[in-house]
Amino acid sequence: MHRIVFLGPPGAGKGTQAAALARELGIPHLSTGDLLRGAVAARTPLGLAADDHMRAGRLVPDDLVLRILEERLARPDAKAGFLLDGFPRNLAQADALGRVTPLDAVVSFDVDSEEIVRRLSARRVCPQCQSVYNLSSRPPQAAGRCDKDGASLIQRSDDRPEAVATRLAVYAEQTAPLLQFYRDRGLLRPVDARGNPDDVARRVRTLVR
Ligand code: AP5
């Protein structure tokens with residue numbers, strides 16, 4: 001069974017790697033960031049409550065995130081495994097997750113903050129299909145357009161420099177303690193997430209097979 005968590009700072013490449021690995025393993029890729037952005041776009045009560053926190057780069061309150069995550073984990077496709085991307089993000093969430101399901105591996109992505117800032121400032125996303133590009137490492141075929149549906153690419157509001165600085169501080173303060181939490185439980189599998197995405201993908205696969 002593959003019950004995997006991807007842990008790491010913003011822009012470390014978790015989403016890029018998670019999408020491909022989940023497809024290969026036939027398990028759902030559960031990104032709380034994507035679920036929350038979907039709720040914001042649909043203007044649901046949860047999305048409206050989450051929006052300001054996300055724009056500023058702060059964590060969304062635990063009760064809101066736990067609600068969407070538990071609903072999503074309860075769906076039938078998550079019964080045979082899942083890849084959690086961006087959850088848990090603090091000790092309270094890790095405790096809550098532990099009450100819902102055991103885990104098989106926690107892959108932690110190691111990248112320095114200069115590289116993170118470089119990656120996030122160059123990230124562009126498709127507002128229609130959510131495909132993720134990078135002006136340096138993964139440019140679209142036609143400048144500014146999504147390869148899949150031709151929509152105009154945008155920059156995420158939390159990829160502005162002020163929000164990135166907040167996200168890095170929040171990671172250091174609230175999420176980084178989870179490294180020790182999972183090391184203590186024998187689940188932590190660190191991966192060097194620098195260098196080209198295909199090399200990172202190969203390293204990740206040696207840790208979860
Ligand atoms: P979320 O969407 O989870 O953002 P994040 O964790 O900050 O992660 P990112 O999506 O920014 O980065 P990533 O590691 O997935 O990198 P990517 O693959 O895109 O969360 C957003 C917000 O939602 C949070 O700030 C918070 O407000 C809220 N939230 C979410 N979960 C929550 C929770 N559990 N509790 C409370 N609040 C929560 O790669 C980045 C860029 O680099 C891309 O352009 C990509 O193409 C490029 N790239 C990827 N790999 C490489 C490589 N190896 N070399 C060069 N470029 C690369």
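One-based numbering, in listed order, for ligands and for the atoms of each. This is a predicted model, so every value here is computed, not measured.
- When atom types are taken as modelled, the side chain of Q17 and the backbone of P197 share a donor-acceptor pair closer than 3.5 angstrom.
- Counting heavy atoms only, G195 comes closest to atom 54 (N) of ligand 1 of the residues A56, A193, G195.
- Ligand 1 does not have R124 within reach: every non-hydrogen atom of the residue lies 4.0 Å or more from it.
- Residue-to-ligand polar distances place R89 within reach of ligand 1: an N/O pair is separated by less than 3.5 Å.
- The closest approach between a heavy atom of R156 and any atom of ligand 1 is below 4.0 Å.
- In the vicinity of G15, heavy-atom distances shorter than 4.0 Å reach the ligand 1 atoms 13 (P), 15 (O), 18 (O).
- At least one N or O atom of G13, backbone or side chain, sits closer than 3.5 Å to an N or O atom of ligand 1.
- In summary, the atoms of ligand 1 found under 4.0 Å from a heavy atom of Q93, numbered by their order in the structure, are 33 (C), 34 (N), 35 (N), 36 (C).
- Comparing heavy-atom distances from atom 41 (C) of ligand 1 across N134, T166, I116 singles out N134 as nearest.
- Atoms of ligand 1 found under 4.0 Å from any heavy atom of D158, numbered from 1 in the order shown, are 21 (C).
- Side-chain contact between M54 and R37 is present, with at least one heavy-atom pair separated by less than 4.5 Å.
- When hydrogens are left out, the protein atom nearest atom 29 (N) of ligand 1 is L36 CD1, 3.5 Å; that is the closest non-hydrogen contact.
- One finds a salt bridge joining D51 and R55 here, because a Lys/Arg side-chain nitrogen approaches an Asp/Glu carboxylate oxygen to under 4.0 Å.
- Ligand 1 places these atoms under 4.0 Å from at least one heavy atom of G86: 31 (N), 32 (C), 33 (C), 34 (N).
- At the top of the distance list for atom 19 (O) of ligand 1, counting protein heavy atoms only, stands R123 NH1, 2.7 Å.
- Between E115 and ligand 1, no N or O atom pair is found at a separation short of 3.5 Å.
- Remark: the backbone N or O of V111 is not paired with any side-chain donor or acceptor of E115 at under 3.5 angstrom.
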